[in-house]
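Heads up: numbering here begins at 1 and tracks the sequence. Just the heavy atoms: all of them, side chains too, but no hydrogens, waters or symmetry mates, feed the values below.
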Amino acid sequence: MARFELKLPKMGESVAEATITNWLKEVGDKIEADEAVLEIATDKVDSEVPSEVSGILVEQLFGKDDLVQVGQTIAIIETEGGDAPTVAINTVETAPVEAAEIEKTIEAVKETAASQDFSSSDKFFSPLVKNIAKEEGVSLNELENIAGSGKDGRVTKEDILKYVEDRKSGSVQMPQTVEAAPKVVETPKVEAPKTVEPVAQKSQQAVPVSVNGADEIVEMDRMRKLISGYMVASVQTSAHVQSFIEVDVTNIVKWRDKVKTAFEKREGEKLTFTPIMMEAVAKALKDFPGMNISVDGDYIIKKKNINLGMAAALPNGNLIVPVIKNADQLNLVGMAKAVNDLGNRAKAGKLKPDDTQGGTYTVTNVGTFGSVFGTPIINQPQVGILALGAIRKVPAVIETPEGDFIGIRQKMFLSHSYDHRVVDGALGGSFVKRVAEYLEAFDVDRDF
């Protein structure tokens, strides 16, 4: 019998670590070669780690939610025959601790915490955090001193669970007393108020959320937490400004209706409007390279490649942005294949970490859900994002040599959000206008 080290594989140039989200195999389970052993997640995508050999899983070196570096051994698989690398597990001997004394202190804290009235605190704690505190014997004094990672320093479920884990391991110091210090109430002086600071501080605190028995409390999943953090960080980082322009895409609609059947028959791909729009955006970025940049502090990084991010909605309601690399070098067929491939793999959860890296500009299709236009948030560290609105039949003035008349045209709005720190209105407006010009000048006689 030989022991094989299952390591966290390399997942892309910019990916150095991943979090274990679920073990698909338990110790003692038989594993076939190429069979998935566990699920992992990077800051962008989720994926599976398959086994390179057949055998029996004998050790799991990391647990769920543990962070693992690329190249680290995560499991040991026992194989039949052959030479496989073995692993030596280092055991760390901990110094003996006074277990009885610690246990006694914990019990004393639990008894006090069970009777704690957490509502007497000036800080807001969710019902879930309060329940965990009572169950784990965390006193009000301890709870108020936990550094919260939530909005406005609010203590989250992860914060209190980590504190409990650290306390059990002895890495945090237990409070010397479990008695809450009496609050000192000062007699207010009858004077005119000198400052409004207390009011200002109060306004910065999160507004408590009222919860009753009919409400359901559901924790965000990992991806939604990441998206939430990215969106807030982007708004706090970039000075968002928007420009809007209406585009006549009647010729594009007619051309697609004419060729989509032949396109699918010849190329084996469906032809949507998205690759046509992406082609126009890539051309406009070549014309206005000032939109194909990133900001790093006081420095502007001019990107050599045009890598278009394509925002895609997932079945669970979350959002992901796979990237079309070197989009300006693709013809319409290549663009359609890239759009369909990334879109299909995004929905199936089969994207690789590298598929979401390296974007220089992003396009989002809000028209898919019927929106006429939107004000999208910039995908950091990029400086612009374009929202494609729904295509609608509208009455419009048509100019001809014989005069103007009213006709039915297919139109849509383009909404351009850009970072006013480095992109002014002239550039932001000119860029989206150029995209519109490419779309309105679409050649209806072109081949695909």
*Which residues satisfy the side chain to side chain contact (heavy atoms under 4.5 Å, CB included) test with Gln72, sequence neighbours excluded?*
Phe62, Val68, Gln69

*Got a salt bridge between Asp354 and Lys352, using NZ or NE/NH1/NH2 to carboxylate O under 4.0 Å?*
no

_Checking Glu35 against Ser51: is there a side-chain donor and acceptor pair closer than 3.5 Å?_
no

*Quick one: side chain to side chain contact (heavy atoms under 4.5 Å, CB included) partners of Ala75, sequence neighbours excluded?*
Leu6, Trp23, Leu57

*Ile398 and Gly407: which non-hydrogen atoms are nearest, and at how many Å?*
CD1-CA, 3.8 Å

*Electrostatic pair Glu59:Arg3 at N-O distance under 4.0 angstrom*: yes

*Looking at Asp221 and Lys225, does any basic side-chain N land under 4.0 Å from a carboxylate oxygen?*
no

*Hey, could you give me the CD1/CD1 distance between Ile227 and Ile320, rounded to the nearest 0.5 Å?*
8.0 Å

*Do Thr368 side-chain atoms and Asn365 backbone N/O form a donor-acceptor pair below 3.5 Å?*
yes

*For Glu142 and Tyr163, test the side chains for any donor-to-acceptor distance below 3.5 angstrom and give the result as yes or no.*
yes

*asked:* Can you tell me if Ile408 has over 12 outside heavy atoms packed within less than 6.0 Å of its CD1?
replied: no

_Using only atom types and a distance under 3.5 Å, with no angle test, would you say the side chain of Asp215 pairs donor to acceptor with the backbone of Asn212?_
yes

_Holding to ring pair (Phe, Tyr, Trp, His ring centres under 6.0 Å), I want the full list of residues that pass it with Phe288, two or more places apart in sequence or in another chain._
none

*asked:* Can you tell me how far apart CG (Asn22) and CD1 (Ile40) are? Round to the nearest 0.5 Å.
replied: 12.0 Å

*Starting from the C-alpha separation in whole Å, work towards a yes-or-no answer on side chain to side chain contact (heavy atoms under 4.5 Å, CB included) for Ile293 and Ile301.*
CA-CA 5 Å; Ile293 65 173; Ile301 302 172; over 6 Å; no

_Exercise: identify the closest heavy-atom pair between Thr250 and Gln410_ = OG1-N, 2.9 Å

*asked:* Using a 6.0 Å cut-off, check whether atom NZ of Lys258 has over 12 heavy atoms from anything other than its own residue.
replied: yes

*Kindly write out the residues that satisfy ring pair (Phe, Tyr, Trp, His ring centres under 6.0 Å) with Phe263, not counting sequence neighbours, or none if the list is empty.*
Phe448

*What are the two closest heavy atoms between Glu5 and Thr73, and how far apart are they?*
OE1-OG1, 3.4 Å

*Are side-chain heavy atoms of Leu427 and Tyr418 found at a separation under 4.5 Å?*
no

_Is the shortest side-chain heavy-atom distance between Leu342 and Leu351 below 4.5 Å?_
yes

*With Lys283, which residues qualify under side chain to side chain contact (heavy atoms under 4.5 Å, CB included), at least two apart?*
Glu279, Tyr438

_Cationic N near anionic O, under 4.0 Å, Arg409 to Asp248_ = yes

*Inspect the surroundings of CD in Glu52 and state if more than 12 heavy atoms from other residues, nucleotides or ligands are less than 6.0 Å away.*
no

*asked:* Could you work out, with ring pair (Phe, Tyr, Trp, His ring centres under 6.0 Å) as the rule, every residue matching Trp255, not counting sequence neighbours?
replied: Phe442

*Can you tell me how far the CG atom of Asp66 sits from the CD atom of Glu17, to the nearest 0.5 Å?*
12.0 Å

*Determine the minimum heavy-atom distance between Arg421 and Ser238, stating which atoms define it.*
NH2-OG, 3.8 Å

*Of all residues at least two apart in sequence or in a different chain, which pass the salt bridge (charged side-chain N to carboxylate O under 4.0 Å, His left out) check with Glu246?*
none

_Sidechain-backbone polar pair: Ser371 side chain, Gly367 backbone, donor-acceptor under 3.5 Å_ = no

*Does Phe431 have any ring pair (Phe, Tyr, Trp, His ring centres under 6.0 Å) partners at least two apart in sequence or in another chain, and if so, which?*
Tyr361, His416

*Is there side-chain contact between Leu386 and Thr362, with heavy atoms separated by less than 4.5 Å?*
no

_For Arg256, all residues meeting salt bridge (charged side-chain N to carboxylate O under 4.0 Å, His left out), sequence neighbours excluded_ = none

*Do the side chains of His240 and Ile377 get nearer than 4.5 Å, heavy atoms only?*
yes

*Are the side chain of Asp159 and the backbone N or O of Thr156 linked by a donor-acceptor pair below 3.5 Å?*
yes

*asked:* Quick test of your reading of the model: are Arg434 and Glu437 salt-bridged, counting only N-O distances below 4.0 Å?
replied: yes

*Where Val333 and Glu267 come nearest, the two heavy atoms and their spacing*: CG1-OE1, 3.4 Å

_Within-4.5 Å side-chain heavy-atom neighbours: Gln380 and Tyr230_ = no

*Of all residues at least two apart in sequence or in a different chain, which pass the side chain to side chain contact (heavy atoms under 4.5 Å, CB included) check with Lys270?*
Glu264

*Determine whether the side chains of Thr360 and Gln382 contain a donor N or O and an acceptor N or O closer than 3.5 Å.*
no

_Distance, nearest 0.5 Å, that separates CG of Asp355 from CD of Gln357_ = 9.5 Å

*asked:* Please check this pair: side chain of Thr356 against backbone of Val321, looking for a donor-acceptor N/O pair closer than 3.5 Å.
replied: no

*Can you pull the ring-ring contact (aromatic ring centres under 6.0 Å, His included) pairs that have at least one residue in residues 306-350, sequence neighbours excluded?*
none

*Under the side chain to side chain contact (heavy atoms under 4.5 Å, CB included) rule, what do Ile76 and Phe4 come out as? Steps first, then yes or no, please.*
CA-CA 6 Å; Ile76 304 298; Phe4 174 80; over 6 Å; no

*Greater than 12 external heavy atoms within 6.0 Å of Lys7's NZ*: yes

*Does Ser294 reach the side chain of Val383, with side-chain heavy atoms less than 4.5 Å apart?*
no

*Would you say Val363 and Met278 make side-chain contact, with heavy atoms under 4.5 Å?*
yes

*Please report the shortest heavy-atom distance between Gly428 and Ser243, naming the atom on each side.*
C-OG, 4.5 Å

*asked:* To the nearest 0.5 Å, what is the distance between CE on Met277 and CE on Met335?
replied: 12.5 Å

*If only atom types and distance count, is the side chain of Ser415 paired as donor or acceptor with the main-chain N or O of Phe244 below 3.5 Å?*
no

*Taking the side chain from Asn331 and the backbone from Gly334, do they hold a donor-acceptor pair closer than 3.5 Å?*
yes

_Ser234 side chain to Ile378 backbone, donor-acceptor under 3.5 Å_ = yes

Side-chain polar contacts of residues 302-315 - donor-acceptor pairs under 3.5 angstrom, sequence neighbours left out - could you list them?
| residue | atom | partner | partner atom | Å |
| --- | --- | --- | --- | --- |
| Asn307 | OD1 | Asn326 | N | 2.8 |
| Asn307 | ND2 | Gly358 | O | 3.0 |

*State, with a plain yes or no, whether a side-chain heavy atom of Leu414 is found less than 4.5 Å away from one of Leu388.*
yes

*Spacing of CG belonging to Leu226 relative to CG belonging to Asn318, to within rounding of 0.5 Å*: 9.5 Å

